[in-house]
Amino acid sequence: MTVTNTRSNWTVITLGTAALMAAILAALLLSAPQKDSAIDWFAPMTPGGWMAWTLPVALFFWTIACLLVTFTLLAIRYPETPRVGILRIETTRGDRLFISLLGSAFLCLGWLFFFGAPLWGALILCLVYAAAVFRWV
C-alpha cells in the first residue's frame, strides 16, 4: 500500500494568492480614469453606469475581498477553537472580523454625521476599534 504525501506547500499558496490579489489591484489602478495624466479619483470607472463605481469604492471592495481570502487561508492553515471574550460569546477570527467591519461601518456613519468628510479620523478610530475587537472579544 502506497501512502501519498498530502501536505500542501503553503508558501506557494500564499505567494500565489498574494500575486493574484496584487494583479487585481494593478488592473484596478490601470483601469482608473485619467485626467491630465494622473488618476482621477472621483470620476466614474464605468461612465453611464447605474452605480458610482469610483476608484475608492473599487479599492474598498478589493480590501474586503483580500480580508476574506486571507482569513479563509488562515482558517484552513491554522484551524482554531472559538474563544470567549468580554461579550461572553464564543467567537472565531471570522466572527471578530465581521464584528470589526460592522462596528466600523457604524463608526464611519457616526463620524459623517458629527464631523463630515474627510474620514481619515474615522479610519484611525476604526483601526483602533478593530484591534480592540481582535484582542478582547
Are side-chain heavy atoms of [X] and [Y] found at a separation under 4.5 Å?
X: Q34; Y: I39; result: yes
X: W111; Y: L107; result: no
X: L101; Y: I64; result: yes
X: D95; Y: T92; result: yes
X: I76; Y: W10; result: yes

Would you say [Y] ends up clustered with [X] if hydrophobic residues are merged whenever their side chains have heavy atoms under 4.5 Å apart, either directly or through other cluster members?
X: V137; Y: I89; value: yes
X: L67; Y: V69; value: no
X: L25; Y: L30; value: no
X: L73; Y: L68; value: no

Legend entry - Members sharing Y78's hydrophobic cluster (side chains within less than 4.5 Å):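 Direct or chained contacts put Y78 with L74.
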Inset, instruction - With sequence neighbours left out, write down each residue that passes ring pair (Phe, Tyr, Trp, His ring centres under 6.0 Å) with F71, or none if nothing qualifies. - result: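 Ring pair (Phe, Tyr, Trp, His ring centres under 6.0 Å) list for F71, sorted by chain: F134.
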Legend entry - Taking every non-hydrogen atom, the tightest pair across L112 and A117: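 Heavy-atom minimum between the residues: CD2-N, 4.1 Å.
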